[in-house]
Amino acid sequence: MRCPHCHYKNTKVLDSRPIEEGRSIRRRRECESCDFRFTTFERIEEVPLIVVKKEGTREEYSRDKLMRGLIRACEKRPVALEQLENIAVEIEKELRNRGTSEVKSDEIGEMVMDRLANVDEVAYVRFASVYRQFKDISVFLDELKDLIRHDNNDKNE
């Protein structure tokens, strides 16, 4: 593995551990020349999953893009990065287990919202406001009422 800092060819592995339920390996490496430390991931190459956007265009599914959306929704909230990674892994696993090569972006958005509602309500509302493109305050209030109703139902069960 080439060092991303000085481009030296030799690095050593400091730590190696399975992640994502054993489907990937995370390695912490150190450059033998400049001692720069970095992280690499080894994953099984999957068949590409295509996301069909609202306007009908298609693009390859990206877990990184999903993670960026989750991180933005949870900015300055007490949500651990590991929780967000678990959400991304769960969603991707569910999508791949369907056995289809295409999935609508709406379905991914709903899956994210279902999981965020159980993790952090503020993050849920942030994500929903972007995903559902609230056009006015009444739509926003309706979403909050649904969230409160869902929360009350969970407490009564």
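Just the heavy atoms: all of them, side chains too, but no hydrogens, waters or symmetry mates, feed the values below.
Neither side chain, T40 nor R27, offers a donor N or O lying under 3.5 Å from an acceptor on the other.
The salt bridge (Lys or Arg N to Asp or Glu O under 4.0 Å) check on R37 picks up E30, with sequence neighbours excluded. Shown here are the side chain to side chain donor-acceptor pair (under 3.5 Å) partners of S105, two or more places apart in sequence or in another chain: there are none. Every residue meeting the side chain to side chain donor-acceptor pair (under 3.5 Å) condition with D15, not counting sequence neighbours, appears here in chain and number order: R17. Among residues two or more places apart in sequence or in another chain, the salt bridge (Lys or Arg N to Asp or Glu O under 4.0 Å) test is passed with E107 by R98. Taking the side chain to side chain donor-acceptor pair (under 3.5 Å) definition, one finds that T100 meets it with nothing, sequence neighbours left out. Residues that satisfy the side chain to side chain donor-acceptor pair (under 3.5 Å) test with E121, not counting sequence neighbours, are absent from this structure. With sequence neighbours excluded, no residue forms a salt bridge (Lys or Arg N to Asp or Glu O under 4.0 Å) with D106. Not counting sequence neighbours, Y8 has no partner by the ring pair (Phe, Tyr, Trp, His ring centres under 6.0 Å) test.
By the 4.5 Å side-chain criterion applied to Ile, Leu, Val, Met, Phe, Trp and Tyr, V13 is assigned to no cluster and stands alone.
A distance of 6.5 Å separates NZ in K12 from CD in E32, rounded to the nearest 0.5 Å.
Nearest heavy atoms, E20 versus S24: OE1-OG, 2.6 Å. Residues C3 and T11 share a closest heavy-atom pair of N-CG2, 4.2 Å. A pairwise comparison of heavy atoms in Y131 and M113 identifies CD2-SD, 3.3 Å as the closest pair. Heavy atoms only, all atoms of each residue included: R28 and F38 are closest at NH1-C, 3.2 Å.
Every pair tested for ring-ring contact (aromatic ring centres under 6.0 Å, His included) that includes a residue from residues 56-102 fails, sequence neighbours excluded, so the list is empty. Counting only residues at least two apart or on different chains, the salt bridge (charged side-chain N to carboxylate O under 4.0 Å, His left out) pairs with a member in residues 65-80 are E59-K65, R77-D120.
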- Item | Derivation and outcome, side chain to side chain contact (heavy atoms under 4.5 Å, CB included), residues I25 and F41 | CA-CA 6 Å; I25 296 175; F41 296 90; over 6 Å; no
Show me, pair by pair, the donor-acceptor contacts under 3.5 angstrom made by side chains of residues 87-96, not counting sequence neighbours?
| from | atom 1 | to | atom 2 | distance (Å) |
| --- | --- | --- | --- | --- |
| E90 | OE1 | R115 | NE | 3.1 |
| E92 | OE1 | R63 | NE | 2.6 |
| E92 | OE1 | R63 | NH2 | 2.9 |
| E92 | OE2 | R96 | NE | 3.1 |
| E92 | OE2 | R96 | NH2 | 3.4 |
| K93 | NZ | E21 | OE1 | 2.9 |
| E94 | OE1 | R115 | NH2 | 2.8 |
| R96 | NH1 | V47 | O | 2.7 |

